[in-house]
Amino acid sequence: MIEQKMQARSKIESENKDKAKKIAQLQEFVNRFGAGQRSSQVQSRRKEMDRLAPAELKRSNIQRPFIRFDQRKPSGREILKVHGLSKSFGDNHVLKSLNLDIMRGDKVGIIGGNGVGKTTLLRSIIGEYTPDAGNINGDTE
């Protein structure tokens, strides 16, 4: 993302430099022939100068983006403990005796194919689903 924004910004900057050169050339023509037989050409050059006005670049913070997450309270050492979690929908057993321990600083990714229980696991952890068996201990707010 940062690289793309920097490339776009540098492209706009180079376009602005080219426009500034062209405007300088047009201004020189206008200054030389402002009053005289080339007044219609001067008018068209002035219109072109107005059209070529460089795009404004706002001050950018793309070098150091800042994202802040506020915590209601700091987490403990044990973030989440799941032991013997089971959940089924009719005859479809989605989770069977799942054990899971997540500690502070752990990085977790939940991956898998369709229908293997990723969403069911997360909804059980946040309390949206009641597990058929097992217990979930943790700060899930």
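Treat the numbers as computed from the prediction; the structure is a model and nothing was measured.
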Measure across Asp132 and Ser88 and return the closest heavy-atom pair with its distance rounded to 0.1 Å.
OD2-N, 2.7 Å
For side chain to side chain contact (heavy atoms under 4.5 Å, CB included), just list the numbers for Ile23 and Glu48, CA-CA rounded to whole Å, side-chain angles, deciding distance to a tenth of an Å, and then say yes or no.
CA-CA 8 Å; Ile23 289 173; Glu48 189 174 354; over 6 Å; no
Which residue pairs pass the ring pair (Phe, Tyr, Trp, His ring centres under 6.0 Å) test when at least one of the two sits in residues 95-120, sequence neighbours left out?
none
Is Val42 reachable from Leu52 through a run of I, L, V, M, F, W or Y residues, each pair having side-chain heavy atoms under 4.5 Å apart?
yes
Side chains of Leu100 and Val108, heavy atoms from C-beta outward: is any pair under 4.5 Å?
no
Can you tell me how far the CE atom of Met49 sits from the OG atom of Ser44, to the nearest 0.5 Å?
11.0 Å
Answer yes or no: is there a side-chain heavy-atom contact under 4.5 Å between Lys22 and Asp18?
no
Rounding to 0.5 Å, atoms CG (Asp101) and NZ (Lys81) come to a distance of 4.5 Å
Heavy-atom closest pair, residues Ser97 and Ser86:
N-OG, 3.0 Å
Residues 116-129, side-chain donor-acceptor partners within the protein, below 3.5 Å, at least two apart:
residue: Lys118; atom: NZ; partner: Gly112; partner atom: O; Å: 3.0
residue: Lys118; atom: NZ; partner: Gly113; partner atom: O; Å: 2.7
residue: Arg123; atom: NE; partner: Glu128; partner atom: OE2; Å: 3.3
residue: Arg123; atom: NH1; partner: Tyr129; partner atom: OH; Å: 3.2
residue: Ser124; atom: OG; partner: Thr120; partner atom: O; Å: 2.8

Atom NZ of Lys96 and atom CG of Leu85: how far apart are they, to the nearest 0.5 Å?
13.0 Å
Which atom of Arg45 lies closest to which atom of Leu26, heavy atoms considered:
CD-CD2, 3.3 Å
Can we say Glu13 and Arg9 salt-bridge, meaning some charged N sits less than 4.0 Å from an Asp/Glu carboxylate O?
yes
Can you tell me if Asp106 uses its side chain to pair, donor with acceptor, with the backbone of Met103 under 3.5 Å?
yes
Is it the case that more than 12 heavy atoms not belonging to Arg32 sit under 6.0 Å from its CZ atom?
yes
Rounded to the nearest 0.5 Å, how far apart are NE2 of His83 and CD1 of Ile136?
11.0 Å
How long is the span from the CZ atom in Arg46 to the CD atom in Gln27, to the nearest 0.5 Å?
8.0 Å
